[in-house]
Amino acid sequence: MAEETNNGMKNNYTPVLQLQGSKLRGARVTQLKNHFVIKYKEEPEFFVRVPGRVNLIGEHVDYCGYSVLPMAIQYDIMLAVKPVSVPKLQLTNTDSSHSDFQCDVNSLSIEVKKGVSPPWHSYFLCGLKGVLEVLPQDSVGMLVAVTGNVPLSAGLSSSSALVSAAALAAAHANMLKMTKLEIASLSASSERYIGTQGGGMDQAIAFLGTKGCAKHIQFNPLLSEDVKLPDGAVFVIAHSLAVLNKAKTSDFNCRVAECHLAAQIMAKKRGLSWEKVSSLADLQSAVSASLVEMVDLVKELLHEEPYSKEEICGELEVSEGFLDQLSLSSNTTHISHFKLHQRALHVYQEANRVRAFQEVCQNETVSSLALMKLGELMRESHESLKNLYECSHPNLDKLVYLGEGRALGSRLTGAGWGGCIVALTTKDTVSDYINTLKEKFYKGNPAAVGKDLDSLVFATEPNTGAEIYKLEQ
Ligand code: GLA
């Protein structure tokens, strides 16, 4: 029989996932635990750790249905949690610039205001809401303390780590049994409550990351396989000192819409039932063509000049109202012009680069050759993101340019418009590369004043995904 504990929880539960971290020690954990105890005058029952990620290749393709190749990094979000029978959520953050928050778990409201970065707790509420939607019973309440060292708005997925951590904590507190794939998909869809229509890459790697391996992640259905990187490869992350909160502007959703519209117009031109084509990958399956053939199809069917909204409605033979409903989101209905040719071209070529990257990792036995080929693919990816997808930033381009001849290749990582680059170096060249960026980009840069340069440019290696811990006694 289930025993009732003093907070009304049953003791014989099966935890969500079998994620039991073995050891959790260190100054950050102690600080988090102390913060929790001071705030709530109680001890936390468990801890959740969810890492940020760096995407090595495959940018802006996940929401088009194509695979990506990220790895989890050493920086993470950690939660200290105690489930309570009163259905109330209380949140506190060790970073005092993030104010405490509380609400009833049965009446969550996620604030989304045009042109404003959402408050930090909204990301937590997204993950919690996702779990509440699938929970067969009423939810318990939670006391939660949060700490994080993933750089914010840097393209390293700090928001998705918080959404995913909240979902994991809520599932565990409510004894909900889910697989890693299920909770990763749930976290991906619940993050859309914030207003951005991301794919599932960030949440998938947050749960599926493993030490020592990058991951090739496919969608619909979600699948992942290990990618062993060539011997000697060292990836470096460098912050451009420009930040972008993708929920604050419509840039991200505009790209999602452009890909969607490109797929629909091409489908219509090929005589398919275009309303059913929701992504560029859908279109590829519908026409049974290779990625290279899809590139030719884009060139044949879509013109380079931007499409006005009127022209799109004319092509699809629909009213503006219908288009808004079917293909656009609340923050993209106001956009008057869409670049369909360029965005679709990027997506099909980038999807092909992911395939090539994985193939090199799998089949190229001479590691120096493998490294050169991967570097080349990364350089091509950046060029395409800059010129066709137009989601780079002058600082990102400068970092990429400064690395020429020192890194084998580098590219913006994550959504772009600011944030970080990822560069491929080797054990022999990594120090020279990092020192060059420190000298030529960061030193004397007003935006870097007072910042620890080692936190702005650092080497990283594949890390473990999400875990749940009990504190070591
Ligand atoms: C953001 C989104 C991801 C992905 C990247 C771009 O991180 O959350 O799903 O689309 O941008 O590759």
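Just follow the structure's listing: the first ligand is 1, and inside any ligand the first atom is 1. It should be emphasised that the depicted structure is a prediction, and the values quoted were computed from it without experimental measurement.
- Classification of Lys268 and Glu315 as a salt-bridged pair fails, no side-chain N sitting under 4.0 Å from a carboxylate O.
- By the 3.5 Å distance cut-off applied to N or O atoms, Asp62 is counted among the residues near ligand 1.
- Taking the ring centroids of His260 and Tyr63, they lie at or beyond the 6.0 Å cut-off.
- When hydrogens are left out, the protein atom nearest atom 5 (C) of ligand 1 is Met201 CE, 3.8 Å; that is the closest non-hydrogen contact.
- Each of the following atoms of ligand 1 lies closer than 4.0 Å to a heavy atom of Ala415: 11 (O).
- Enclosure of atom NZ in Lys440 is not indicated, since only 12 or fewer non-hydrogen atoms of other residues, nucleotides or ligands lie within 6.0 angstrom.
- Near Gly199, meaning under 4.0 Å from any of its heavy atoms, are these atoms of ligand 1: 9 (O).
- Atoms of ligand 1 lying under 4.0 Å from any heavy atom of Tyr63, numbered from 1 in the order shown and given with element: 10 (O).
- Of the polar atoms of Glu59, at least one N or O is found under 3.5 Å from an N or O of ligand 1, judged by distance alone.
- Looking at atom 11 (O) of ligand 1, its nearest protein heavy atom turns out to be Phe252 CE1, 3.4 Å.
- Some N or O of His60 is nearer than 3.5 Å to an N or O of ligand 1, by distance alone.
- Checking Glu191 against Ser160 by side-chain atom types alone, a donor-acceptor pair falls below 3.5 Å.
- In summary, Lys373 and Glu376 do not engage in a salt bridge, as defined by a charged side-chain N under 4.0 Å from a carboxylate O.
- For the residues Val61, Val163, Asp202, the heavy atom positioned nearest atom 8 (O) of ligand 1 is part of Asp202.
- Salt-bridge check for Arg255 with Glu390: failed, with every basic side-chain N at 4.0 Å or more from each acidic carboxylate O.
- Checked for salt-bridge contact, Arg355 and Glu359 meet the test: a charged N lies under 4.0 Å from a carboxylate O.
- Within the listing of ligand 1, atoms 7 (O) sit less than 4.0 angstrom from a heavy atom of Arg53.
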